[in-house]
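As a basis for the values below, the full set of heavy atoms in this structure was taken, side chains included, without hydrogen atoms, waters or symmetry mates. Every chain is numbered from 1, with letters handed out A, B, ... down the list of sequences.
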Amino acid sequence: MQYDPKELDRKWQAEWAKKKPFAALDNSEKPKYYVLDMFPYPSGAGLHVGHPLGYIASDIVSRYKRLKGFNVLHPMGYDSFGLPAEQYAIQTGQHPAKTTEENIATYRRQMDSIGFSFDWDREVRTSDPSYYKWTQWIFLKLYDTWYDKAADRARPISELTAIFSKEGNATVNAHCDETPAFTANEWNAWDDAQRQTTLLNYRIAYLSEAYVNWCPALGTVLANDEVKDGFSERGGHPVERKLMMQWSMRITAYAQRLLDGLDGLEWSESLKEQQRNWIGRSEGALLRFKVTGHRSQVEVFTTRPDTIFGVSFMVLAPEHELVSEITTAEQKSEVEAYIAKAKARSDRDRMADVKTVSGAFTGAYAEHPFTGAPIPIWIGDYVLAGYGTGAVMSVPSGDQRDWSFARHFGLPIPSVIEGSELSKGANESKEGVLENSDFLNGLPVKEAIKRAIAKMEALGIGKGRINYRLRDAVFGRQRYWGEPIPIYYKDGIPYPIEKLPLELPAIEKYLPTETGEPPLGRADIWNWDLATEQLVENGKGYPIEMSTMPGWAGSSWYFLRYMDPHNTDAFASKDEVNYWQNVDLYVGGSEHATGHLLYVRFWTKFLKDLGHLPFDEPAKKLVNQGMIQGVSEKIARYDGYLNTIGGTDATANFYYFVNASNEIEKKSIPNLPGERHTAAIFYSNDVITQLRSAWGRTYELKIKETAKDSEATYSSKSDLPFRTSLLHVPISFVDNHVADLDALRKDRGDFEEGVFVCTGGYWYKGEFHEHLAQGQDRFTTLPEVEKMSKSKWNVVNPDDIISKYGADTLRLYEMFLGPLEDAKPWNTNGIEGTYRFLRKFWNLFHAGDAFAVSDDAPTKAELKALHATIRKVEDDIEKLSLNTSVSQFMICVNELTELKCNKRAILEPLTIVLSSFAPHIAEELWQQLGHTDSISFATYPKFEAAHLVEDSFSYPISFNGKTKLQLELSTSLSAAEVEAIVVAHPEVIARLEGATPKKVIVVVKRIVNVVV
RNA sequence: GCUCGGAUGGUGGAAUAGGUAGACACGCAGGACUUAAAAUCCUGUGGCCAUUGCGGCCGUGCGGGUUCGAUUCCCGCUCCGAGUACCA
């Protein structure tokens, strides 16, 4: 029997689908282990080779843990609400549910073909009403909760209203919006509308008017983590700031807990650091400055209250609410002009241009809280409205931005730290001693900060304050394909819809309405009838919220649903939650660091606060698999002789260069006459997918594979007028007729060269000519590593690998590429090696076509090979160092092949160890070994150290740390005995040339070092 | 700018706890088998020098340090990658 991976894949995948050996048990005495992958958004493109990397790793762990006796929960599902399906729906009119369904089918087929051991009976889809019923339920809990800072946890609103009716809000220490004080009597006298309006200031899910990231092209608002450099993360459309009524989540209430919780997590340091930076805690003081001649005060946040005597001016953000109030008549026009200018600048421009200093003087002055000195108040766009209080006390001697501003506008720069050199820039160091600072003089900075805050608090002008960069998360999206927010409005006041799920209504078109409402504004039946708790025709009930939830809503709790996916009474039963607890190993991409991974922690802590969970972190251990990048071959040089009909026109020789930003740079070739043309070729692996010329023509090319003189033409699905496909040709073929090519060869060893024959045409001197040249045009490409993406023509599909080598080879090879967490370009260079390994493994069991395993007793060498592997693989899986496990398997099989080992006592346990990596071949051989049950029910073999004990060890003998010879000595010898043998050894004596060693270091079973 | 990673042969990458640098694999070169090719197998493969023999020297981005001994620890650089950015 020959190793036939395709047949084994088919056979065992069918068997697993039928017998479900990977089902997690609901009521088990076994210890649990929860291995979770980040579930995918099912895009139309399907999986590429990068996606399965993490899934393969987690699958290996899952299968291993089962062998180790754990009840393993290893589920998979789909994050199936989202923008692309909706965009596609807008273009085609197809319901997003339909395309989503189709995409899921593709994903499922591809995942099955890799042989993952998911428990598919637990699949979840965030767009399924039976799932989002609970997303909506959690939303209502968030709506019905406030954050008690005193108790440091979320509490039901009912407990808040109870306090209000007894004591008003004076005693409440809540994380909330600014709310005027009221008494119990006032509260009790209010009508419901007024109470509800007030409560919105306290609710964790709340409606408020706020500046949001508005993306006009997408017609929706976006959360901060969905905006990158002023553009939407999806689609890359410009984003602007807009004041809107919006649902938000008071995640800021959890800022400190989200920060503290990181310490106990086994997540990568870089990921924890990203979250820490995103939360952005800074300690300092909040203090108020009186504005001369006004009742209003300017409040500022500073991390350096010690530099208070270095304040020489203040700057407000242009949007600051006090600007219009305090600006003097003389300065009014200047200030207004500046505000107008600042508004016109997009965030993008503002960010790109951080060097330019700009601002305007308001004409107003504040009073220094200690000296009473007048401090001019300016506005400037380097102060952000959204951070701190939107105003700063400027200390030009201690802050570079303040320093630049002061320099630009000729404001004073008083020194407050001894020895500051202020002619070239500010002194931002936190080391140093205060000067010119009244009661702070002579104190070191850290001490002065404490003293300053104490004094401010004593005088009642300020207080110590911790500020966070983290913003509340905008929750509403003006989209169709998301969870409806279960809220109706009565006189503009929001109320919850308790009857869930509130299902997404059908609509005709998926665009916003003509009046600018979200797509749900197109639904005819989107009113709520209170009496019947039913949807009713618009106008017959209360209008329902038209925005939907963001993509991160469904993914913020999905790990809980897997525990009990079919429960209709709760998101998951208490029993299941208590048994499975949180995720033991979570595998996914680091791009979710400040989005999903923050939100899921937030919701977990929230649900813990309400008593629904016994833990407050979703995942104990998290591993980020590195991105598998694609390699795009880009033309670095192209030499073409453009032949016209009837003759060769060598004057059209041209040359171009594709630079790093994928732009084509024209380069002229000295001493060669003619017009210069440019072109770019994109291809993946062996096939060029596209040739675009700079003059707008795309060529179809017929390729000559010159080495074998066979012709190959590739057709394409593209609707481009001409189409290109190329094969590599051996470098030796290329007649390098242009001198620069040699320079290129020297610079880079990784280029490819080829020749193509063009049967398309080209534009020359304004005329189109059919191209008849054969084998004349030459190109040189350089590979460039970039993200694998459809638009870059560099996607490698796992299906191709599987159909050629089978799933086990793909699994092993992806692990063998390198450390799981490293980013690495995809290449198939080594795939033959892993395939060869599997065949060698198979051959251990077979003699010719016959299964031939003997029951003879194993030798010591065979046992050693086996047990070294048992231990190494076990250690490696715990560390997720899976590339070295694959190496170990190769070493072991090489040794067993050498030993001609075909013994059951060795091969059977080895098959179990390998089964988590290469399950198909393992199942087959397990069956051939006579087992009827799936190998996933086997037990991981026990490592026995005795088999690795050696009688002798080959000591490396080094002189001054440099190894010179080996001595085979018994391992039972003591250090002193080894030393005695070594110094008496003739070769050692010869090397010493009569000298006496100063010292001999012996580390038993490791090394001997003779110091001369 | 700041934060966090990283730098080892032609390539991907190994190297418990400071203890034989380069495991394993690819590629390449030579050989066997074959009409031929594929597949398979064998041998070699960090660099330089010597190869009539043993061998010798250098070598983990660069410069220092600690140590009997440093890819590993410490100090100072260079370069690359990722994240983040007027955050007061």
side-chain contact (heavy atoms from CB on, under 4.5 Å) involving [X] - partner list, sequence neighbours excluded:
X	answer
Asn843(A)	none
Asn277(A)	Glu273(A)
Glu895(A)	Ala865(A), Ile891(A)
Leu271(A)	Trp267(A), Ser268(A), Ser590(A), Ala593(A), Leu597(A), Leu622(A), Asn624(A)

Task: Dot-bracket notation for RNA chain B, counting Watson-Crick and G-U pairs under 3.5 Å, with | for partners on another strand - done: (((((((..(((......[....)))((((((.......))))))((((.....))))..(((((..]....))))))))))))....
Open item on the list: Going by side-chain hydrogen bond (donor to acceptor under 3.5 Å, both in side chains), name the residues that satisfy it together with Tyr955(A), two or more places apart in sequence or in a different chain.
Closed with: none
- [ ] Encode nucleotides 57-73 of chain B as B, S and - characters from 5' to 3', where the letter depends on protein heavy atoms closer than 4.0 Å: B to the base, S only to sugar-phosphate, - to neither.
- [x] SS---------BS----
Task: Reading 5' to 3' through nucleotides 37-49 of chain B, protein heavy-atom contacts under 4.0 Å coded B for base, S for sugar-phosphate only, - for none - done: --SS---------
Open item on the list: Nearest whole Å is fine: how far is A85(B) C1' from Arg401(A) CZ?
Closed with: 10 Å
Open item on the list: Could you check whether any side-chain heavy atom of Trp378(A) comes within less than 4.5 Å of a side-chain heavy atom of Val383(A), counting everything from C-beta outward?
Closed with: no
Open item on the list: Can you list everything that forms a ring pair (Phe, Tyr, Trp, His ring centres under 6.0 Å) with Trp842(A)? Sequence neighbours excluded, please.
Closed with: Tyr3(A), His846(A)
Return all side-chain donor-acceptor pairs below 3.5 angstrom for residues 958-965 of chain A, not counting sequence neighbours, or 'none' if the list is empty.
{"from": "Ser958(A)", "atom 1": "OG", "to": "Val1008(A)", "atom 2": "O", "distance (Å)": "3.1"}
{"from": "Ser958(A)", "atom 1": "OG", "to": "Asn1009(A)", "atom 2": "OD1", "distance (Å)": "3.0"}
{"from": "Asn960(A)", "atom 1": "OD1", "to": "Val1012(A)", "atom 2": "N", "distance (Å)": "3.1"}

TODO: On the 0 to 90° scale, with breaks at 30° and 60°, tag the Phe837(A)-Phe889(A) ring pair as parallel, tilted or perpendicular.
DONE: tilted
TODO: Look at the side chain of Gln274(A) and the base of U84(B), then say whether one donor and one acceptor between them are separated by less than 3.5 Å.
DONE: no
Filtered N/O pairs between nucleotides 11-16 of chain B and protein, under 3.5 Å:
{"from": "G12(B)", "atom 1": "O2'", "to": "Leu817(A)", "atom 2": "O", "distance (Å)": "2.6"}
{"from": "G13(B)", "atom 1": "O3'", "to": "Asn883(A)", "atom 2": "ND2", "distance (Å)": "3.3"}
{"from": "A14(B)", "atom 1": "OP1", "to": "Asn883(A)", "atom 2": "ND2", "distance (Å)": "2.9"}

Quiz: residues 305-318 of chain A side-chain donor-acceptor pairs under 3.5 angstrom, not counting sequence neighbours:
{"from": "Asp306(A)", "atom 1": "OD1", "to": "Arg304(A)", "atom 2": "NE", "distance (Å)": "3.0"}
{"from": "Asp306(A)", "atom 1": "OD2", "to": "Arg304(A)", "atom 2": "NE", "distance (Å)": "3.4"}
{"from": "Asp306(A)", "atom 1": "OD2", "to": "Arg304(A)", "atom 2": "NH2", "distance (Å)": "3.1"}
{"from": "Thr307(A)", "atom 1": "OG1", "to": "Arg304(A)", "atom 2": "O", "distance (Å)": "2.8"}
{"from": "Ser312(A)", "atom 1": "OG", "to": "Pro412(A)", "atom 2": "O", "distance (Å)": "2.9"}

